[in-house]
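One structure is given here, and the rest of the page talks about it.
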Amino acid sequence: METVGQRQIAMMIAADSGKVSGNTDEQIAAMEALLRLGAVDGTRSDLDRALLPDPIHPGYLTREVDGVRLFVPYNLASVCPDSDILLEVIRLSRKVCLGRSNPICISGSTTFLGALKVIADLDFCEYYLLPGGDAEREIAAASSKSDFPLIWMKFGGITYSPPWNCLRDVGAKFMAEPARLKLDFMSTGVLGPMATTNVVLPTSDGEDHSAGDSFVYQEVVIGSNEPLRVLVAPSRFGAYLRFLMENARKYITDSVNSPHYAIKALKRILALMSALGDRSRVGDITEILNRPEIEEIVNKVRVQELESMRPNLQGPASTRFGQKIDDLQDSTSHVTDADVNEALSLARELALSLIEETESEFREYA
């Protein structure tokens with residue numbers, strides 16, 4: 001019953017929040033009901049059966065891993081990674097984070113590592129708290145880790161790469177006119193070599209400046225005493241669902257000429273079904289995404305991204321990470337083109353079926 005209730009309430013919020021600006025009392029009440037249902041449904045639904053509803057922050061479930069507190073939105077509870085992977089992302093979060101006191105999260109496909117066997121890269125999101133901070137010093141420190149090399153830095157529409165002669169200038173501009181900053185690293189550990197990104201969003205309270213560039217419903221908060229952002233935000237939640245539907249539809253259309261876009265479409269729908277509380281369809285989607293043929297495609301994308309980074313590796317990191325990239329490439333399985341095409345066709349068929357069903361239901365509420 002809870003699952004059906006979640007889907008109905010979520011669709012109503014998505015449709016209704018697109019009609020008016022701001023949040024009405026009715027929308028807030030509906031959102032609170034959704035979060036209560038979601039938290040109950042998400043209780044101990046993770047692989048470790050460790051997540052419990054947080055009594056203070058509606059919609060979040062929480063647990064500790066090696067003394068580090070995590071806050072997981074209800075929609076990510078059942079797909080949350082297990083302790084071994086969480087220990088790894090906690091370790092990496094300490095390396096990617098510019099400011100020690102800044103809230104940092106895993107985001108995107110990384111949050112689904114309790115359900116997906118492979119992903120192409122690791123994504124973090126850091127909320128850079130204003131005022132304060134010393135971006136010049138912090139960015140310089142981020143660029144000097146030989147075991148965690150910074151490959152690219154993107155700010156103000158410009159992509160920077162080694163040698164890092166630009167750090168003082170970028171740091172000063174970031175502090176003078178705070179805006180989204182993207183840091184692309186290469187990491188290695190239990191997950192092997194991975195492109196690892198930290199999107200740094202300056203904000204004073206989790207709502208202003210660049211905070212809105214990320215959806216809170218796609219983030220697992222690591223190591224904070226409490227989450228910076230609240231989930232009781234109907235307009236943001238509705239925008240998130242509409243974004244997933246629109247993005248999935250776009251990728252399905254693109255997959256006609258570029259079949260691998262069916263994987264992107266299915267990942268968007270995976271996030272959508274998770275937000276709607278539809279565990280059955282989440283299972284159907286992950287069954288397709290975990291097929292060896294799809295894993296092969298994802299691993300090839302992973303290797304391609306690492307290869308594009310390789311020329312910017314400096315000094316000993318070039319040898320160390322270069323060998324790991326070679327080893328990863330040698331270890332990838334080899335499946336036939338026919339098997340790959342069949343898997344992509346199944347992915348597209350499932351994506352198309354689910355998005356048409358969801359769009360039809362959404363129109364009923366709209």
Where do Cys125 and Asp123 land on the side-chain contact (heavy atoms from CB on, under 4.5 Å) test, with the steps shown first? CA-CA 7 Å; Cys125 176; Asp123 295 314; over 6 Å; no
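- Under the 4.5 Å side-chain heavy-atom criterion for Ile, Leu, Val, Met, Phe, Trp and Tyr, Leu328 and Phe148 are members of distinct hydrophobic clusters.
- Inspection of the Tyr128 and Glu138 side chains reveals an N or O donor paired with an N or O acceptor under 3.5 Å.
- Between Arg63 and Asp48 a salt bridge is recorded (basic side-chain N to carboxylate O distance below 4.0 Å).
- Between Leu306 and Gln329 there is no side-chain heavy-atom pair separated by less than 4.5 Å.
- In this structure, the side chain of Arg229 engages the main chain of Ala211 through a donor-acceptor pair within 3.5 Å.
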Check the pair Asp66 / Arg91 against salt bridge (Lys or Arg N to Asp or Glu O under 4.0 Å), numbers first and verdict last. CA-CA 11 Å; Asp66 197 28; Arg91 179 184 73 85; over 6 Å; no
For the pair Val221 and Glu226, evaluate side-chain contact (heavy atoms from CB on, under 4.5 Å) and give the outcome as yes or no after the intermediate values. CA-CA 8 Å; Val221 185; Glu226 60 181 2; over 6 Å; no
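- At a cut-off of 3.5 Å, with distance as the only test, a side-chain donor of Asn23 or Ser235 sits close to an acceptor on the other residue.
- For the pair Arg268 and Ala248, the tightest heavy-atom approach, listed with the atom from each and the gap, is CB-CB, 4.0 Å.
- Using cut-offs of 30° and 60° on the angle between ring planes, the pair Phe237 and Tyr240 is tilted.
- In this structure, Asn290 and Ala115 approach most closely via the heavy-atom pair ND2-O, 2.9 Å.
- More than 12 non-hydrogen atoms from other residues, nucleotides or ligands lie less than 6.0 angstrom from CD of Glu307.
- Ile325 and Met194 fall into different hydrophobic clusters, where Ile, Leu, Val, Met, Phe, Trp and Tyr are joined by side-chain heavy atoms under 4.5 Å apart, directly or via other members.
- Counted by atom type alone, Arg242 and Ser17 present one or more donor-acceptor pairs between their side chains at under 3.5 Å.
- Residues Tyr251 and Phe243 do not share a hydrophobic cluster, clusters being chains of Ile/Leu/Val/Met/Phe/Trp/Tyr side chains in contact below 4.5 Å.
- Ser255 places a side-chain N or O within donor-acceptor distance of the main-chain N or O of Ile252, the cut-off being under 3.5 Å.
- Side chain of Thr286 to main chain of Val282: a donor-acceptor pair is present (N/O by atom type, distance under 3.5 Å, no hydrogens or angles).
- Asn102 places a side-chain N or O within donor-acceptor distance of the main-chain N or O of Leu129, the cut-off being under 3.5 Å.
- When all heavy atoms of Glu136 and Ala172 are compared, the closest pair comes out as CG-N, 3.7 Å.
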I'd like to know whether Asp327 forms a side-chain contact (heavy atoms from CB on, under 4.5 Å) with Gln323, so could you lay out the CA-CA distance, the side-chain angles of the two residues, the decisive distance to 0.1 Å, and finally the verdict. CA-CA 6 Å; Asp327 292 343; Gln323 184 59 57; 2.8 Å; yes
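- One hydrophobic cluster, built from ILVMFWY side chains closer than 4.5 Å, cannot hold both Val230 and Leu35; they sit in different ones.
- The shortest non-hydrogen separation linking Glu219 to Ser107 is CG-CB, 4.2 Å.
- Within a 6.0 Å sphere centred on NZ of Lys300, heavy atoms belonging to other residues, nucleotides or ligands number 12 at most.
- Aromatic ring centroids of Tyr160 and Phe155 lie 6.0 Å or more apart.
- Across all non-hydrogen atoms, the minimal contact from Gly114 to Leu47 is O-CD1, 3.4 Å.
- Closest non-hydrogen pair, Asp339 versus Glu293, comes out as O-CG, 3.5 Å.
- Residue-environment remark: CG (Asp337) stays at or below the threshold of 12 foreign heavy atoms within 6.0 Å.
- We find that Lys95 and Asp147 are joined by a salt bridge, their nearest charged nitrogen and carboxylate oxygen being less than 4.0 Å apart.
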Between Asp82 and Leu113, does a side-chain contact (heavy atoms from CB on, under 4.5 Å) hold up when you go through it step by step? CA-CA 8 Å; Asp82 64 15; Leu113 277 172; over 6 Å; no
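- Clustering ILVMFWY residues whenever any of their side-chain heavy atoms sit less than 4.5 angstrom apart, transitively, puts Leu272 in the very cluster that holds Ile285.
- Using a 4.5 Å heavy-atom cutoff, the side chains of Tyr127 and Ser214 are in contact.
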